[in-house]
Amino acid sequence: MAEQITLRAPDDWHIHLRDGTALKRTVGDAARQFSRAIVMPNLVPPVTNAKSALAYRGRICTQIPSDCAFEPLMVLYLTDKTDAEVIRQARSAGIIAAKLYPAGATTNSDSGVTDIVNIYPALEEMQSCGMKLLLHGEVTTSGIDIFDRERAFIQNTLSRLVEDFPTLKIVLEHITTAEAAEFVQGARAGVAATITAHHLLYNRNHLLAGGIRPHFYCLPILKRSTHQSALIEAATSGNPKFFLGTDSAPHARGQKEASCGCAGCYTAYAAIELYAEAFERARKLDKLEGFASEFGPDFYGLPRNRGTITLAKRPWTLPNSLDMGGEPLIPLAAGETLQWQLV
Ligand SMILES: NC(=O)N[C@@H](CC(=O)O)C(=O)O
Ligand SMILES: [Zn+2]
Ligand SMILES: [Zn+2]
């Protein structure tokens with residue numbers, strides 16, 4: 001029999017499920033892999049209040065496969081107009097986090113925040129009611145090089161936020177640099193980070209050397225391999241400040257393979273298998289369970305899942321494309337062979 005490992009059931013603390021006909025694909029994949037997921041609110045139009053978050057949750061729930069138990073955890077999209085009252089209503093509707101997209105930073109972030117001081121009253125309220133702040137941590141200043149945008153965000157915005165709101169729980173999402181890992185490690189309690197599978201498995205050579213490969217294009221953009229190594233180190237360290245967030249973000253093939261392609265990698269189809277690959281390469285498979293299944297719920301103050309999943313060492317090949325109800329969707333690592341497979 002193939003070698004197997006059994007883990008407490010994992011959760012995804014950052015995923016994009018989109019809406020409408022995409023939900024069958026995205027919710028099905030997420031629910032097979034994870035028990036819970038933090039659902040990003042960057043729809044068009046974005047999810048900016050309790051009412052639209054609950055309606056979106058309802059649409060997601062209709063697509064949960066009958067043999068899966070899956071809980072979507074909803075997130076509010078912060079805009080310049082989000083005030084304390086919007087936060088209070090969201091909190092009483094069970095929304096556990098709000099997301100800061102600096103305006104223009106990434107996919108569907110046009111309604112994002114133009115100046116952090118505009119949301120200080122909302123952040124005050126979040127701090128007092130215990131709502132988490134999730135960050136797309138990149139500056140949008142056109143003069144700042146795309147490879148430096150995360151570092152600049154940490155210097156200009158995050159270091160100030162952490163001090164101005166000393167008890168606000170903050171997640172710096174999808175970190176991509178050694179500086180981000182260091183900042184989070186050294187920051188006060190209540191500051192954590194998620195790390196994607198693709199930032200553990202790849203670096204900018206995979207994106208750009210020997211031809212441009214649009215399916216590796218995501219934001220924050222893949223960095224050089226020294227940063228990849230720092231992220232592997234952080235994810236496999238057993239430090240509970242680092243936990244799993246796939247940032248799985250589907251765009252149909254034509255949106256990716258284009259003269260101006262969209263940012264986002266679709267990893268939900270094989271998410272835990274991709275992470276297992278990265279942890280095994282680092283010889284740290286024993287650290288996967290904490291990262292994938294324990295540190296996230298502990299940070300959010302939610303119970304750890306009771307169920308388990310089993311992975312078997314049984315090499316398998318990802319399909320070349322997936323059906324998303326229209327144009328095909330190319331999963332990350334399409335056609336590649338992974339060592340571990342979800343049983
Ligand atoms: N990560 C990405 O490259 N894209 C995400 C947005 C985001 O998380 O920044 C998307 O919604 O497509
Ligand atoms: Zn983002
Ligand atoms: Zn994202």
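Heads up: numbering here begins at 1 and tracks the sequence. The structure presented is a predicted model; accordingly, all values stated were derived computationally and were not measured.
In this structure, N239 CG and E233 CD are separated by 10.5 Å, a value rounded to the nearest 0.5 Å. Atom CZ in R314 sits 9.0 Å away from atom CG in L342 (nearest 0.5 Å). Once rounded to the nearest 0.5 Å, the distance linking CD1 of I175 with NZ of K241 reads 11.0 Å. Atom OG of S109 sits about 8.0 Å away from atom CG of N42, to the nearest 0.5 Å. Going from atom CD1 of I330 over to atom NZ of K256 covers 10.5 Å, rounded to the nearest 0.5 Å. Atom-to-atom distance recorded for L318:CG and L332:CG is 8.5 Å, nearest 0.5 angstrom.
Side-chain contact, T308 with T6: no donor N or O sits under 3.5 Å from an acceptor N or O. Side-chain contact check for E273 and Q33: at least one donor-acceptor pair (N or O, by modelled atom type) lies under 3.5 Å. Side-chain N/O atoms of T114 and D80 include a donor and acceptor closer than 3.5 Å. Using a 3.5 Å distance cut-off with no hydrogens or angles, the side chains of D164 and Y120 do pair a donor with an acceptor. For the residue pair D29 / Y266, a side-chain donor-acceptor distance below 3.5 Å is found, with atom types taken as modelled. Residues T177 and K223 bring no donor and acceptor atom of their side chains to less than 3.5 Å of each other.
Between the side chain of Y300 and the backbone N or O of I96 there is no donor-acceptor pair closer than 3.5 Å. Of the possible donor and acceptor atoms, none in the side chain of N108 sits under 3.5 Å from a partner among the backbone N and O of L43. Under the 3.5 Å distance criterion, the side-chain polar atoms of E336 are left unmatched by any main-chain donor or acceptor of T317. A donor-acceptor pair under 3.5 Å is formed between the side chain of R188 and the backbone N or O of P166. Counting only distance, with no hydrogens or angles, the side chain of H206 and the backbone of N203 share a donor-acceptor pair below 3.5 Å. For R18 (side chain) and P250 (main-chain N/O), a donor-acceptor pair under 3.5 Å exists by modelled atom type. A donor-acceptor distance shorter than 3.5 angstrom exists from the side chain of T107 to the backbone of A263, with no hydrogens or angles considered. The closest donor-acceptor contact from the side chain of Y275 to the backbone of A197 lies under 3.5 Å. Judged by distance alone, the side chain of Q127 and the main-chain N or O of L168 form a donor-acceptor pair under 3.5 Å. Remark: side-chain polar atoms of T82 are paired, donor with acceptor, to backbone N or O of T79 under 3.5 angstrom.
Taking the ring axis of F70 as reference, the NZ or CZ atom of R36 does not stay both within 45° of it and closer than 6.0 Å to the ring centre.
Within 6.0 Å of CZ on R224 lie no more than 12 heavy atoms contributed by other residues, nucleotides or ligands. Within 6.0 Å of the NZ atom in K24, the count of heavy atoms belonging to other residues, nucleotides or ligands does not exceed 12.
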If you apply the rule side chain to side chain contact (heavy atoms under 4.5 Å, CB included), what do you find for F34 with T246, and how did you get there? CA-CA 11 Å; F34 298 107; T246 62; 3.9 Å; yes

Stepwise side chain to side chain contact (heavy atoms under 4.5 Å, CB included) check, H215 with E257: CA-CA 8 Å; H215 296 290; E257 299 174 10; 2.7 Å; yes

Could you walk me through whether D323 and R25 pass salt bridge (charged side-chain N to carboxylate O under 4.0 Å, His left out), step by step? CA-CA 7 Å; D323 177 24; R25 166 95 263 151; 6.0 Å; no

Would you please test L23 and L17 for side chain to side chain contact (heavy atoms under 4.5 Å, CB included) and show each step? CA-CA 6 Å; L23 288 177; L17 298 176; 4.1 Å; yes

Could you check H199 against H227 for side chain to side chain contact (heavy atoms under 4.5 Å, CB included), going step by step and ending with a plain yes or no? CA-CA 9 Å; H199 289 99; H227 293 289; over 6 Å; no

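At least one side-chain heavy atom of M74 sits under 4.5 Å from a side-chain heavy atom of I60. The shortest side-chain heavy-atom distance between I154 and L172 falls under the 4.5 Å cut-off. Between H198 and F216, every side-chain heavy-atom pair lies at or beyond the 4.5 Å cut-off. When side chains are defined from C-beta on, L73 does not count as touching V39, because their heavy atoms never get closer than 4.5 Å. Here the side chains of L161 and L135 are in contact, with some heavy-atom distance below 4.5 Å. L134 places a side-chain heavy atom less than 4.5 Å from the side chain of V75.
Minimum interatomic distance between E277 and T337 (heavy atoms only, all atoms of both residues): OE2-O, 4.3 Å. The two residues C262 and Y217 come nearest to each other via the heavy atoms O-CD2, 3.5 Å.
Ion pairing of E125 with R91 is absent here, as no side-chain N (NZ or NE/NH1/NH2) approaches a carboxylate O to less than 4.0 Å.
Considering H136, H14, E150 in turn, H136 is the only one that fulfils the side chain to side chain donor-acceptor pair (under 3.5 Å) rule with H174. The ring-ring contact (aromatic ring centres under 6.0 Å, His included) test with F291 is passed by exactly one of F299, F242, F243, F279: F279.
In the hydrophobic clustering of ILVMFWY residues, with side-chain heavy atoms under 4.5 Å counting as a link, I87 and M40 come out apart.
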